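Right, one structure below, let's go through it.
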Number of protein chains: 2
Amino acid sequence: MHKTSLQQALQQAETNCRASGSRLTEKRRHILQLLLESDTPLSAYELAARYQEQFHDNIPAMSVYRMLDFLVSETLAHKLNSTNKYIACSHIACDHAHEVPQFLICDNCHQVKEIGISKAIIDALDKSVKQAGYVLTQPQIELHCLCAACSRAA
Amino acid sequence: MHKTSLQQALQQAETNCRASGSRLTEKRRHILQLLLESDTPLSAYELAARYQEQFHDNIPAMSVYRMLDFLVSETLAHKLNSTNKYIACSHIACDHAHEVPQFLICDNCHQVKEIGISKAIIDALDKSVKQAGYVLTQPQIELHCLCAACSRAA
DNA sequence: TCACAAAATGATATGTTATATCATTACTAT
DNA sequence: ATAGTAATGATATAACATATCATTTTGTGA
Ligand SMILES: [Zn+2]
Ligand SMILES: [Zn+2]
Ligand SMILES: [Zn+2]
Ligand SMILES: [Zn+2]
């Protein structure tokens with residue numbers, strides 16, 4: 001992520017939190033920054049290590065988990081359930097409401113692409129879930145793939 | 001799962017393994033049985049505990065992982081990546097080839113329904129993945145829901 | 001049948017992810 | 001200033017997973 005868009009995202013995160021009456025503290029902001037700067041999803045423990053390196057401040061993993069919970073609750077970050085790692089939301093600076101996310105996870109280089117679930121998929125999912133008598137609660141989808149670069153190399 | 005269908009599933013598992021040239025050992029069969037008898041997905045450690053209770057034989061978690069890997073590779077069981085638990089395949093006794101699975105996971109009672117992904121969903125996923133330049137590798141989908149009973153109770 | 005090789009399992013150690021709980025610090029508002 | 005709330009720290013422990021080497025079991029062919 002480029003410096004300008006990093007700054008933009010952080011600023012927008014600030015604005016969003018202010019609007020929702022929550023506090024984007026320095027440490028939470030730093031965690032978000034680490035996520036924004038990373039090419040790949042990070043675990044809580046990896047974040048704690050990077051925090052030490054980059055901000056020269058020791059931060060317990062416990063606290064990182066809490067900050068991640070906060071960021072996720074503000075839709076500034078997402079948790080990938082299939083890999084137990086976290087990524088910054090790709091749409092922090094967008095003005096539209098956050099859609100139901102679909103994550104394409106490259107199993108080779110671990111890059112992740114976050115896209116909105118298309119209407120066609122939502123409709124189809126909805127139908128199959130309804131037929132089974134179920135009600136969707138958190139319709140986040142994680143698909144394991146190879147990205148363009150990695151599939152060419154393979 | 002009823003006793004007759006349990007026996008049927010175990011027998012079919014035996015047949016399938018024989019056909020694929022692999023060995024459904026007693027312990028592997030017991031692990032599969034525990035999965036078949038369970039209403040909800042189980043972790044490797046939970047399986048080790050139940051193994052002790054039911055078969056009065058101590059089995060290290062390490063070994064359970066290996067047996068689960070075997071069962072998964074034979075499509076006799078599935079791993080739910082979003083919960084780190086395992087379930088028996090619902091279609092062991094079916095004669096058709098195993099489809100790409102879609103799991104509906106009740107976040108309240110933890111029951112799981114395994115259904116085949118509909119053509120509509122596959123097409124839609126395929127399209128969105130392709131548009132992003134990605135190639136699907138393991139198109140298993142896990143959706144977090146409330147089951148019919150739990151959604152009525154809520 | 002015996003010897004050998006391959007497959008499966010056991011034993012041990014360690015790494016990784018996550019939660020529970022209580023203490024302390026920082027912020028907010030009266 | 002003081003009290004209440006939110007955030008963070010510290011510590012312990014639980015839960016999930018892998019690596020590696022030893023041992024046992026099984027299948028195969030001389
Ligand atoms: Zn997002
Ligand atoms: Zn890649
Ligand atoms: Zn199945
Ligand atoms: Zn339920």
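No experiment lies behind these values; they were computed from the predicted model shown. Letters A, B, ... mirror the listed sequences (proteins, then strands); counts begin at 1.
Salt-bridge check for A/Lys27 with A/Asp57: passed, with a basic side-chain N closer than 4.0 Å to an acidic carboxylate O.
Set against D/dC16, D/dT8, C/dA8, the side chain of A/Arg66 has D/dT8 as its closest nucleotide. Among the nucleotides D/dT20, C/dA8, D/dT8, the one closest to any side-chain atom of B/Arg28 is C/dA8. Ranking D/dT8, D/dG9, D/dT20 by closeness to the A/Ile59 side chain, first place goes to D/dG9. Each of C/dT9, D/dT18, D/dA10 was ranked by its minimum atom distance to the side chain of A/Pro60; first place goes to D/dA10.
On a pure distance criterion of 3.5 Å, no polar donor-acceptor pair joins the side chain of B/Arg23 and the base of D/dG27. One donor-acceptor pair, N or O on each side, does fall under 3.5 Å between the base of D/dA17 and the side chain of B/Tyr45.
If you take CD of A/Glu46 and C1' of C/dA18, they are 15 Å apart, rounded to a whole angstrom. Taking atom CG of B/Asn81 as the reference point, atom P of C/dT17 lies 15 Å away to the nearest angstrom. At whole-Å resolution of the value, CG in A/Asp69 and C1' in C/dT19 are 11 Å apart. Rounding to whole angstrom units, CG of residue B/Leu47 and P of D/dA17 are separated by 12 Å. The separation between B/Tyr65 atom OH and C/dA13 atom C1' is 15 Å, rounded to whole Å. In this structure, CZ of A/Arg29 is placed 12 Å from P of D/dT8, rounded to the nearest angstrom. The nearest whole Å value for the distance from the CG atom in B/Leu32 to the P atom in C/dA8 is 16 Å. Across the protein-nucleic acid pair, A/Leu68 atom CG and C/dA18 atom C1' stand 12 Å apart, rounded to whole Å.
Taking the centre of each ring, A/His78 and A/His98 come in below the 6.0 Å mark.
Between A/Thr25 and C/dA26, a side-chain N or O to OP1/OP2 separation shorter than 4.0 Å is absent. A close approach under 4.0 Å does not occur between any side-chain nitrogen or oxygen of B/Lys79 and OP1 or OP2 of D/dC16. The side chain of A/Lys85 contributes no N or O atom lying less than 4.0 Å from OP1 or OP2 of C/dT16. Within the structure, a side-chain polar atom (N or O) of A/Ser63 is placed less than 4.0 Å from OP1 or OP2 of D/dG9. In this structure, B/Lys27 reaches the C/dG10 phosphate: one of its side-chain N or O atoms is under 4.0 Å from OP1 or OP2.
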### Message
Between B/Leu76 and B/Cys17, does the side-chain contact (heavy atoms from CB on, under 4.5 Å) criterion hold? Intermediate values first, please.
### Response
CA-CA 9 Å; B/Leu76 297 170; B/Cys17 286; 3.9 Å; yes
Exercise answer: donor-acceptor pairs, residues 47-55 of chain B side-chain atoms, under 3.5 Å, sequence neighbours excluded:
unit_1  : atom_1 : unit_2  : atom_2 : d
B/Tyr51 : OH     : B/His30 : ND1    : 3.0
B/Gln54 : NE2    : B/Glu37 : OE1    : 3.0

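When each of B/Glu26 and B/Met62 is assigned the nucleotide of DNA chain C bearing its nearest heavy atom, the one mapping closer to the 5' terminus is B/Glu26. Of the residues near DNA chain C, B/Asn84 and B/Ser22, the one whose nearest nucleotide (by heavy atom distance) lies more toward the 5' end is B/Ser22.
Put simply, the side chain of B/Glu114 never gets that close to the backbone of B/Gln102: no donor and acceptor are under 3.5 Å apart.
B/Glu74 and B/Ser20 share a side-chain donor-acceptor pair at under 3.5 Å.
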